[in-house]
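The structure appears right after this line, and notes come after that.
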Amino acid sequence: MAKITIVGAGNVGATAAHVLATQTPHEIVLVDIVEGLPQGKALDLAQALAAEGRDARIAGANSYGPTKGSDLIVITAGIARKPGMTREDLVRTNAGIVRDVAREAAARSPHAVMMVVSNPLDVMCHVAHAASGFPRERVVGMAGALDSARLAAAIAHEAKVPVKDVHALVLGSHGDLMVALPGRCTVRGEPLARALPRERIDAAVAKAREGGAEIVGLLGTSAYYAPAACIARMARAILDGTGEIVPCAALLSGEYGISGAFIGVPVRLGEGGILEIVEIGLSSDEKAALAKAAASVRELADVALGRA
Ligand code: APR
């Protein structure tokens, strides 16, 4: 049975624990700084499984001792941007949190794979990579799967087809600089351009790009069901060693002509994390968009790592 530590028992972390616990038997440890929160959620989750006649191994903790020997560490700890805070303020605050969390968790589970979820995602991957000392194969960021799911949902809605008939791919950085690849999207195996006119494709891409902000506008808090589902998808690929190709943030070292930046690309996930960074053919505009996103991530990573 795989052992999973989820740091941050808030909306995303606790929902991910629920999805993971209901899918496959795992040992799950929820960690949070708020006393009682991870313990309370762990109890509630165990009782949710009991309602289905299933045993659970879910614990909550305010320290890292119980996380020892985890196979997967998921980092969802952080704060949301508050009024008056600049983007750089948020980066510095969350970098401090992610740095401590990654260091503490990695020390107890030196062979784990680390999945970063805290935002700004690509920049927090840099922080977790530096603080954990893990090789790049064992640090991945969850974003491309979410952006791609949002685009698939928007395309299915526009084309009025079941979402399982849609394949959608989004690369780049999580946020304004995401790189949607409509030329790579298909509906029932046919190019997207045959299923939808140009303006409906643009509308679907805009819907995916603004998907996160739209939910914040409605809920007053950021999304968690879809992020949790994507965490579970990546966790399954890693822990079950499926070799599934999932778009996620990875530290590039020459792939796509980019080095030294975490950016969303197609990654073959399996036992031990990244098995392969898959290089697909991109148009020159798509390559330029990816390079622009990487430059922006590098700039903010310098702020986060105290190099700026
Ligand atoms: N150690 C452990 N937990 C921490 C720490 C820390 N140093 N700092 C904050 N936390 C916890 C908070 O106590 C809170 O319970 O992280 C949790 C974050 O949960 P929420 O505020 O509910 O935020 P959530 O919606 O889950 O988002 C978490 O994921 O998708 C991203 O943008 C999102 O960066 C955000 C993260």
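Just follow the structure's listing: the first ligand is 1, and inside any ligand the first atom is 1. This chain uses plain numbering: 1 for the first residue, then up along the sequence.
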I want to know if ligand 1 touches [X] in the polar sense, i.e. an N/O pair below 3.5 angstrom.
X	result
I79	no
N11	yes
N119	yes

Can you pull out the closest protein heavy atom to [atom]? Residue, atom name and distance to 0.1 Å, please.
atom	answer
atom 36 (C) of ligand 1	T76 O, 3.3 Å
atom 29 (O) of ligand 1	V117 O, 3.7 Å
atom 15 (O) of ligand 1	D32 OD2, 2.6 Å
atom 2 (C) of ligand 1	I33 N, 3.5 Å
atom 19 (O) of ligand 1	G10 CA, 3.3 Å
atom 26 (O) of ligand 1	V12 N, 2.8 Å
atom 18 (C) of ligand 1	G78 O, 3.7 Å

Element-labelled atoms of ligand 1 that are located less than 4.0 Å from some non-hydrogen atom of I97: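 By the 4.0 Å cutoff, the relevant atoms are 5 (C), 6 (C), 7 (N), 8 (N).
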Near V34, which atoms of ligand 1 are under 4.0 Å from a heavy atom of that residue? 13 (O)
Can I79 and N94 be said to form a side chain to side chain contact (heavy atoms under 4.5 Å, CB included), step by step? CA-CA 7 Å; I79 61 154; N94 277 353; 3.4 Å; yes
Write down the atom of A250, the atom of I274, and the distance for their closest heavy-atom approach.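 Residues A250 and I274, closest heavy atoms: CB-CD1, 3.7 Å.
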Could you pull out all donor-acceptor pairs under 3.5 Å where a side-chain atom in residues 109-120 meets a protein atom, sequence neighbours excluded?
unit_1: S109; atom_1: OG; unit_2: T67; atom_2: O; d: 3.2
unit_1: S109; atom_1: OG; unit_2: G69; atom_2: N; d: 3.3
unit_1: S109; atom_1: OG; unit_2: S70; atom_2: N; d: 2.9
unit_1: S118; atom_1: OG; unit_2: I75; atom_2: O; d: 3.3
unit_1: S118; atom_1: OG; unit_2: A77; atom_2: N; d: 3.4
unit_1: S118; atom_1: OG; unit_2: A77; atom_2: O; d: 2.6
unit_1: N119; atom_1: OD1; unit_2: L121; atom_2: N; d: 3.0

Under the side-chain contact (heavy atoms from CB on, under 4.5 Å) test, which residues partner I215, sequence neighbours left out?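 Applying side-chain contact (heavy atoms from CB on, under 4.5 Å) to I215 gives R150, L219, A223.
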To the closest 0.5 Å, what do you measure between CG (L151) and CG (L146)? 11.5 Å
Identify the residue among V31, T5, V29 that makes a side chain to side chain contact (heavy atoms under 4.5 Å, CB included) with P66.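 One option only clears the test, and that one is V29.
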Can you find a side-chain donor-acceptor pair between H174 and D147 that sits under 3.5 Å?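 D147 and H174 do have a side-chain donor-acceptor pair below 3.5 Å.
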Given R298 and D302, is the salt bridge (Lys or Arg N to Asp or Glu O under 4.0 Å) satisfied, shown in steps? CA-CA 6 Å; R298 267 197 223 94; D302 284 344; over 6 Å; no
V101 near ligand 1 by a heavy-atom separation under 4.0 Å: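 Within the 4.0 Å threshold, so yes.
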4.0 Å protein heavy-atom contact status of atom 23 (O) of ligand 1, strictly under: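 No, because not a single protein heavy atom sits under 4.0 Å from atom 23 (O) of ligand 1.
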Using a 4.0 Å heavy-atom threshold (strictly under), name the region of L37 that reaches ligand 1: side chain, backbone, both or neither. side chain
Pick one of side chain, backbone, both or neither for how T221 approaches ligand 1, counting any non-hydrogen atom pair under 4.0 Å.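 Neither part.
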Going only through I, L, V, M, F, W and Y residues with side-chain contacts under 4.5 Å, is there a path from I6 to L37? no
Could you point out which residue of E279, E276, E137 forms a salt bridge (charged side-chain N to carboxylate O under 4.0 Å, His left out) with R268?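 It is E276; the other options fail the test.
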